[in-house]
Amino acid sequence: MLMQVNSEKIRRWREERCWSQEHLAEVAGVSLRTIQRLENGGSASKDSVMSLAAAFGVDVTAVTVDVNGEAKKAAARQSEKKNLQFKLSFWIHLATYMFVITLLVAINIVSDAQEFWVLWPAIGWGIGVLAHGFSVFVVHKVTRTEQQIDAL
């Protein structure tokens, strides 16, 4: 059974002790190639991981990667990224609305100041912008509530 190790920790611990990869391989009783593979994010057998942990004088769990925890963190980052993109889309929508409506007001004033026709597209599109903003902030609130529930 192959185990995933925390390559950053292994490299950091080795460098803190001023050990070369060759020296670590000798102390742990594994091949140099194994050390190189592990430091590049590879996996190793349970025996190799146990030997590595013994060489550093730490528990095996300190060397290995918590796959479930990493998956949860990745999912949370992905969710946060989507939320930020959703918010950004709203701000772009709002800015576009403001720019176009301002332009239409100017056209309305220059072309026919008697009738204020720009009010109708401003109201129609404004309802769309409000609905978009409402959905963005409701989704944000729901996501935050779900995260708080998961944290409990």
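Residues meeting the ring pair (Phe, Tyr, Trp, His ring centres under 6.0 Å) test with Phe56, sequence neighbours left out: Trp13, Trp19. Among residues two or more places apart in sequence or in another chain, the side-chain hydrogen bond (donor to acceptor under 3.5 Å, both in side chains) test is passed with Trp117 by none. A search for side chain to side chain contact (heavy atoms under 4.5 Å, CB included) contacts involving Met98 returns Leu94, not counting sequence neighbours. In this view, Arg12 satisfies the side-chain hydrogen bond (donor to acceptor under 3.5 Å, both in side chains) rule with no residue, not counting sequence neighbours. Scanning for side-chain hydrogen bond (donor to acceptor under 3.5 Å, both in side chains) contacts around Ser135 gives an empty result, with sequence neighbours left out.
Aromatic ring pairs are classed by plane angle as parallel below 30°, tilted from 30° to 60° and perpendicular above 60°; the pair His132 and Phe90 is perpendicular.
The side-chain heavy atoms of Asn40 and Arg11, taken from C-beta on, include a pair separated by under 4.5 Å.
The two residues Phe86 and Val139 have their closest heavy-atom pair at CE2-CG2, 3.9 Å. Minimum heavy-atom separation, Leu52 to Val63: CD2-CG1, 4.2 Å. Pairing each heavy atom of Asp59 with each of Thr61, the nearest pair is OD2-OG1, 2.6 Å. Closest approach of Asn108 and Glu115 over heavy atoms only: ND2-O, 2.9 Å.
Atom-to-atom distance recorded for Ile107:CD1 and Leu103:CG is 4.0 Å, nearest 0.5 angstrom. Rounded to the nearest 0.5 angstrom, Thr145 OG1 and His140 NE2 are separated by 9.0 Å. The line from CD of Gln85 to NZ of Lys81 is 5.5 Å long, rounded to the nearest 0.5 Å. Expressed to the nearest 0.5 Å, how far CG of Leu38 lies from OG of Ser7 amounts to 8.5 Å. Lys141 contributes atom NZ, which lies 12.0 Å from atom CD of Glu146 (distance to the nearest 0.5 angstrom). Put simply, CD on Gln148 and OG1 on Thr143 are 11.0 Å apart, with the number rounded to the nearest 0.5 Å.
Summarising the local packing, CD of Glu22 is surrounded by more than 12 heavy atoms from other residues, nucleotides or ligands at distances under 6.0 Å. Taking a 6.0 Å sphere around CZ of Phe137, one finds it holds more than 12 heavy atoms contributed by other residues, nucleotides or ligands.
Defined by atom type and a distance below 3.5 Å, a donor-acceptor pair is present between the side-chain atoms of Ser48 and Ser45.
Looking at Glu16 and Lys9, no side-chain N of the basic residue comes within less than 4.0 Å of a carboxylate O on the acidic one, giving no salt bridge.
With hydrogens and angles disregarded, a donor-acceptor distance shorter than 3.5 Å links the side chain of Tyr97 to the backbone of Ala122. Listed for the Ser79 side chain is no donor-acceptor partner under 3.5 Å among the backbone atoms of Ala75. In this structure, Gln4 contributes its side chain and Ala44 its backbone to no donor-acceptor pair below 3.5 Å.
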Using a 3.5 Å cut-off and no angle test, enumerate the donor-acceptor pairs between side-chain atoms of residues 23-35 and protein atoms at least two apart in sequence or in another chain.
| residue | atom | partner | partner atom | Å |
| --- | --- | --- | --- | --- |
| Ser31 | OG | Thr34 | N | 3.1 |
| Ser31 | OG | Thr34 | OG1 | 2.8 |

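The hydrophobic cluster containing Phe134 does not contain Ile127, counting ILVMFWY residues as joined when their side-chain heavy atoms lie under 4.5 angstrom apart, directly or transitively. Side-chain heavy atoms closer than 4.5 Å link hydrophobic residues (I, L, V, M, F, W, Y) into clusters, and following such links, possibly through other members, connects Ile109 to Leu119. Cluster annotation: Leu84 is not connected to Leu88 through the hydrophobic network of ILVMFWY side chains, with a link wherever side-chain heavy atoms come within less than 4.5 Å. One hydrophobic cluster, built from ILVMFWY side chains closer than 4.5 Å, holds both Phe99 and Val129. No path of Ile, Leu, Val, Met, Phe, Trp and Tyr side chains, each step under 4.5 Å between heavy atoms, connects Trp125 with Leu130, placing them in separate hydrophobic clusters.
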